[in-house]
2 protein chains.
Amino acid sequence: MKLTSKGRYAVMALVDLARFDNINPVSLRDISLRQGISLDYLEQIFSKLRKKEIVQSVRGTQGGYILNKKAKEIKLINIFEAVDEKVKTVQCKKESKKGCNGKAVKCLTHNLWDELENHINDFFDKKSLEDLVKDNSVRRV
Amino acid sequence: MKLTSKGRYAVMALVDLARFDNINPVSLRDISLRQGISLDYLEQIFSKLRKKEIVQSVRGTQGGYILNKKAKEIKLINIFEAVDEKVKTVQCKKESKKGCNGKAVKCLTHNLWDELENHINDFFDKKSLEDLVKDNSVRRV
DNA sequence: ATAAACCTGACTAAAATAGTCAAGTATCTT
DNA sequence: AAGATACTTGACTATTTTAGTCAGGTTTAT
Ligand code: FES
Ligand code: FES
């Protein structure tokens, strides 16, 4: 089980953005330099974040991105969903009544993985971008 | 973030084994048939479980595997460690002081991922094989 | 005009996953 | 002693996923 770079970068970039997001948009170039993430890759990620209305873009010179909601209202789970970093623990299709082995009943461990998935998503539900920015400024002092 | 088949199969197979593990060893062939897991793949998995002393092998006809400890004492975390299904959320090396971007300081999100890793491992620490077997027999009634 | 910065889609190298395959060795049953 | 069953090991491979790169745009402030 591991977290992919896409998800990690998305959150990292948004924390960076949230810290500098006052009046002026923040350019991906700056984020790229500060966080050491490839600019081209960031563009892919922000395209998804924009489509899911987590950020807004400002085109042209001096452009960049700004948050589309208050940092408090952006939960980790929203970010992860936006970039398709979903938690997947079961093998089978959830809606289907069939098990992962093709049999008519769910497998011996299906419920366990389902619990696990909920357990992880709870974590993502609770954490907001604001929390992360705060944690970081505290650590700075 | 997703769970791999190796981890899922390891737990699935051990639950199966724990249910039938009275006096006689359980053959991988039976587990393979009951759970719909490739026999060759199961052999790889059980080889690791044996090395980590989670199961014992009995060779020869009527052979198979038996648990090496009480089901209560086998936690999910032990199983996952045995088959190298570890939870990995941070990008950097934990022992190193360097961040994932090569800089001298840990990145903005390092603490968050560390928290997440602990959160997930807590779940695996708590669940024992016995719990899983019980859950399943309850559901049967 | 021109440069900064967003925007899009296609492409690709590398890594990880999920197995398969082959050739054993040990032990029980008959 | 023979044969069958089942564990044991190591190497090999196809597929999928990840983590980007690359090329070519469009928009807008100055
Ligand atoms: S994971 Fe859902 S049936 Fe096995
Ligand atoms: S994940 Fe540890 S420094 Fe970024």
Side-chain angles (χ1 to χ4, degrees), chain A residues 1-13 17 20 23-52 54-66 68 80 83-89 91 100-101, chain B residues 1-13 17 20 23-52 54-66 68 80 83-89 91 100-101:
Chain A
M1 290 214 86
K2 65 180 166 225
L3 188 68
T4 66
S5 292
K6 191 166 58 175
R8 194 180 301 106
Y9 288 165
V11 176
M12 219 187 276
L17 175 69
F20 289 86
I23 316 121
N24 301 321
V26 179
S27 75
L28 293 189
R29 183 149 197 285
D30 287 351
I31 298 181
S32 163
L33 290 173
R34 276 195 295 261
Q35 306 304 328
I37 304 170
S38 140
L39 178 59
D40 283 319
Y41 203 20
L42 272 179
E43 274 169 354
Q44 269 185 51
I45 293 171
F46 272 75
S47 159
K48 294 185 180 191
L49 292 174
R50 189 176 62 79
K51 277 173 193 156
K52 291 297 166 65
I54 296 190
V55 296
Q56 259 188 358
S57 70
V58 180
R59 302 190 79 160
T61 316
Q62 304 299 326
Y65 286 91
I66 52 177
N68 199 25
F80 274 32
V83 300
D84 308 310
E85 170 88 20
K86 37 198 164 217
V87 176
K88 192 181 175 198
T89 57
Q91 175 81 336
C100 53
N101 39 24
Chain B
M1 291 214 86
K2 65 180 167 222
L3 188 68
T4 66
S5 292
K6 191 167 58 175
R8 193 180 299 107
Y9 288 165
V11 176
M12 218 187 276
L17 191 154
F20 289 86
I23 316 121
N24 301 321
V26 179
S27 75
L28 292 188
R29 183 149 197 286
D30 287 350
I31 298 181
S32 163
L33 289 173
R34 275 195 296 259
Q35 305 304 328
I37 306 170
S38 139
L39 178 58
D40 283 319
Y41 204 19
L42 272 179
E43 276 168 353
Q44 269 185 52
I45 292 170
F46 272 75
S47 159
K48 293 184 180 191
L49 293 173
R50 191 177 60 79
K51 279 174 191 153
K52 291 297 165 64
I54 295 187
V55 296
Q56 260 188 358
S57 71
V58 179
R59 302 190 78 159
T61 316
Q62 303 300 326
Y65 287 90
I66 51 175
N68 198 24
F80 274 31
V83 299
D84 308 310
E85 170 89 17
K86 38 199 162 217
V87 175
K88 192 182 174 197
T89 57
Q91 175 81 335
C100 54
N101 39 23

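All values reported here derive from a predicted model rather than from experimental measurement. Chain naming here is simple, since letters A, B, ... match the order of the sequence lines and numbering starts at 1 in each.
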Look at [X] and [N] and indicate whether a side-chain polar atom (N or O) is within less than 4.0 Å of OP1 or OP2.
| X | N | result |
| --- | --- | --- |
| A:Thr61 | D:dT30 | no |
| A:Ser57 | C:dC7 | yes |
| A:Tyr41 | D:dC22 | no |
| A:Arg50 | C:dT8 | yes |
| B:Tyr9 | C:dA18 | no |
| A:Ser38 | D:dT21 | yes |

[X] side-chain proximity, nearest of [options]:
| X | options | answer |
| --- | --- | --- |
| A:Glu43 | D:dA19, C:dT8, C:dT27 | C:dT8 |
| B:Asp40 | D:dT17, C:dA22, C:dC6 | C:dA22 |
| B:Leu28 | C:dA22, C:dA5, D:dC7 | D:dC7 |
| B:Lys2 | D:dT18, C:dC7, C:dA18 | D:dT18 |
| B:Tyr65 | D:dT8, D:dT27, C:dA18 | D:dT8 |
| A:Ser5 | C:dT17, C:dT20, D:dA19 | D:dA19 |

Practice task
Using heavy atoms to find the nearest nucleotide of DNA chain D for A:Gly60 and B:Phe46 separately, return the residue whose nucleotide is more 5′.
Solution key: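 Comparing both residues, the 5'-ward one is B:Phe46.
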